[in-house]
Amino acid sequence: MSKRSPKTPPLDGSSKVGTIVVSNLKMGENENEEADQTPSEVASEKSALHGSALHRTINDAGKFSLLDSVFKNIIWKVYRLPTANGRWLCVREQMAESTLSFHIPKQLIELFIQEDTRRLQDLEELGELSSHWDTLRQNVTLHYQQMISSYQEVLAELNKFSGSSFKASCSRGEKKLEFVPVNLHLQRMQIQNNSAKTDGVYDVVTIGAPAAHIRGFRNGGLRRQLYRFEGEKRNSAYQYIYYSPEDTTKAKEVITNIYKLHPRILSNTDLLLAAARHHSSDSLKDSLKTLSEITEQFVHTFEDQLVRSALLALHKARPSYINKKCSTLVNNLEGTEEQSENSERRSSKDSIPHHAEYDEEDWDRVWVNVGKSLNCIIAMVDRLLEQNDCRPECEPNSSPADQSPSSACDNWYEGLYPLAVTLKDCVNEVINRAKKAMVFVLLQDCGSNIPQALALHQRRDIVFSQALAGLVCGFVIKLHTCLHDPGFLLQLHTVGLLVQFEGLLSTYGEEIGMLEDMSVAITDLQKVSFKVVEAHLEESANADLSPLVTGIRDFYTVEVQLPSKLFEVLPQVIKDGKLLRVHPVFFNIGINEQQTLAERFGDISLQEIINQENLKLLHKYYKSFQEKLSTDCLPRLQTQIDLKELFQSLSENIQARKRKNVEILKITASICRRLNGIRFTSCKSAKDRTSMSVTLEQCVILQEEHSLHPDYFVRALDCMRREGCRIENAQKNIKCRKYAFNSIQLMAFPKYYRPPDGTYGKAAT
């Protein structure tokens, strides 16, 4: 029996409707009857799998009611599957779009524009430079202005976009959507046992490989292009100053800390003075403690040798230094004492500070003065509090002479005010020098080839935007799913969250470039932190709880909002605002016919290098976990495979260099689930190969963790691919319920990555 009811519009405009499809629903069985069946009886029911599948496509938030701000257009598919012990599993498969596909890129582009606009202002504030460096500054300024203009156009287009909440695979070539991830969806499998209790929830975020498709792959992807660019920078060091990528990152970190810590120092200094004015001992102690912590962090920021070397480099870029150097050279050549005296006389008339002879120890004095100023404030507060303890209150009948300004009740503000002013002045002097030095370092980053430098800049922004949207989607659903799991929350704030990306890209043709883009984008996610904040809302309010992104490139923080009732269940350390780190790892195994060509006639070294690098990162995370936590934090799974055995097996498989070794993908997915991580699966469009991988993973979980009957493994796999959520994903992307494979291509696919007959054919990718 097959029945399809047409969609009807809501009568009152408030209810959600969808399409319900019932296919051969088998009736007349109850729970007790199912429980009494033996495995042999189950095996004899050849049509039970197909006959018991209830397929439901409906716009219903259901269990996702708290996540309406993040997930939309949810599709459900329900299956009834036999187990090896004669019982039945109710498996609910869900797939949802994420509004973060557009929400996160729009926020990021706004931050890019703000950061680049501020960069232009910083370049202008560098002051007078010699002609060589001034020309470089003008050229960089021009290109930044063009980049800001292009970002503003893209943002305007995204703000006007009113289509679906995901980017279809056929829209990869639309420039206005290049910051938006391709086909981002949450794939969830929820399993219920006979008692109707949830027996397991398994999530995978599916996303098209973060890549700059519009910009092409003729010159490879980011990984290769960045390597070439670094080589060009080294070769042009005779014209410009070479700073390593680590130095550039450090310069950005210093500037970030300046913008973050400076206002906090000023505000806490004012709070300290306010406490002194009101003679509040407790407030004075609290304000001093906070001010000390922030100021110490500020001082620590400038300990790096990079600041000193950059200050000297900037000094040498001043016109006075160039003129003096040329003048000295002329004097040495002519050897006339009179000309030397005139040159010295001219130099002595130069009253501009940065024209003076550079004193390397001067920076140390300025920098150390901040700490000394803080120490003076601490000493003064200690003295005032000590006096206050000795004389807790002024005598009410004391004479005017006794109430002198030097008394403990009257001299708090007067004693602290000049010290606070000195601290502010010292901080401002450090910022004035260090900020200019770091801006000069960043100026060199574009020195060898400005157009190429900023093109790489944009390409990196694009792929990072796509990857971050997927990451935030995964973090939000993981947090909500494990909100009442104390072990997970302890792991989250102690060692951070494991984020495992599975790639199915080949190392042949354009997909090599996609793989290179994707590997850089995932690496850049290491620079992202999360912070959980309380959303102060009324229960009836239908407010936007979408995450908020703040920061600058390389140092982003994502604030995830939770309603008060959910926020209260968090550990205190998370409620206090501790930043939560993520640890992304990426493993790739090409599975299509192009990978066959690469293995036989091409080069697969990129895939091998990526897998080896990320094996080390995965080991590092697990080692950190072992040092700080016990396995009590981890989920209890039916298959008690030791994690050490899985790591050993993974290492052996990566070293084996076996063709299309999809066992690597199976092992890494298992390790991720056992370590409470977030799973991501990607191919070019997250539509075809990704669907094969996701459905295979679901059936493997059903067999290993929920005793799916072995005779029904392939049937369940075919059913999910034929009637499940992933064929709906193909329909959503290309308006065709077929996977974009042909029979010749599938001959090259691993056995369990092939869809059933009738579900594939000529279709767009």
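We number each residue from 1, following the sequence as shown. Just so it is clear, the values below take in all heavy atoms, side chains as well, and ignore hydrogens, waters and symmetry mates.
- Every residue two or more places apart in sequence or in another chain that forms a side chain to side chain donor-acceptor pair (under 3.5 Å) with Asn661 is listed here: Asn653.
- Formation of a donor-acceptor pair under 3.5 Å by the Ser670 side chain with backbone atoms of Lys666 is not found in this model.
- Between Arg721 and Thr695, the side chains place a donor N or O and an acceptor N or O closer than 3.5 Å (distance only, hydrogens not considered).
- Enclosure of atom OH in Tyr508 is not indicated, since only 12 or fewer non-hydrogen atoms of other residues, nucleotides or ligands lie within 6.0 angstrom.
- In this structure, Asp524 contributes its side chain and Phe464 its backbone to no donor-acceptor pair below 3.5 Å.
- Using a 4.0 Å cut-off between charged nitrogen and carboxylate oxygen, Glu705 and Arg674 count as a salt-bridge pair.
- Using a 4.0 Å cut-off between charged side-chain N and carboxylate O, Glu728 and Arg737 make a salt bridge.
- Side-chain atoms of His213 and Lys684 include no donor-acceptor pair closer than 3.5 Å.
- Within a 6.0 Å radius of CZ in Phe713, more than 12 heavy atoms belonging to other residues, nucleotides or ligands are found.
- Between the side chain of Asn614 and the backbone N or O of Phe586, at least one donor-acceptor pair lies under 3.5 Å.
- Judged by distance alone, the side chain of Ser506 and the main-chain N or O of Gln594 form no donor-acceptor pair under 3.5 Å.
- Between the side chain of Lys660 and the backbone N or O of Ala748 there is at least one donor-acceptor pair closer than 3.5 Å.
- In terms of modelled atom types and a separation under 3.5 Å, the side chain of Gln745 and the main chain of Asn742 share a donor-acceptor contact.
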Salt bridge (charged side-chain N to carboxylate O under 4.0 Å, His left out) assessment of Glu510 paired with Arg172: CA-CA 14 Å; Glu510 286 192 344; Arg172 284 195 307 267; over 6 Å; no

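- For the pair Arg679 and Glu697, the salt-bridge criterion is met [side-chain N within less than 4.0 Å of a carboxylate O].
- Phe102 has its ring centre no less than 6.0 Å from the ring centre of Phe179.
- For the pair Asn588 (side chain) and Leu505 (backbone), a donor-acceptor distance under 3.5 Å is present.
- Checked against the 6.0 Å centroid threshold, His583 and Tyr622 do not count as a close aromatic pair.
- For the residue pair Thr668 and Glu502, no side-chain donor N or O sits within less than 3.5 Å of a side-chain acceptor on the partner.
- Ser649 contributes no side-chain N or O that, together with a main-chain N or O of Glu645, makes up a donor-acceptor pair within less than 3.5 Å.
- Side chain of Arg581 to backbone of Gln526: a donor-acceptor contact under 3.5 angstrom is found.
- The closest side-chain donor-acceptor pair between Gln94 and Gln187, if any, does not fall under 3.5 angstrom.
- Under a 4.0 Å N-O distance rule, the pair Arg726/Glu93 does not qualify as a salt bridge.
- Within the 6.0 Å centre-distance limit, the rings of Phe680 and Phe501 are counted as a close aromatic pair.
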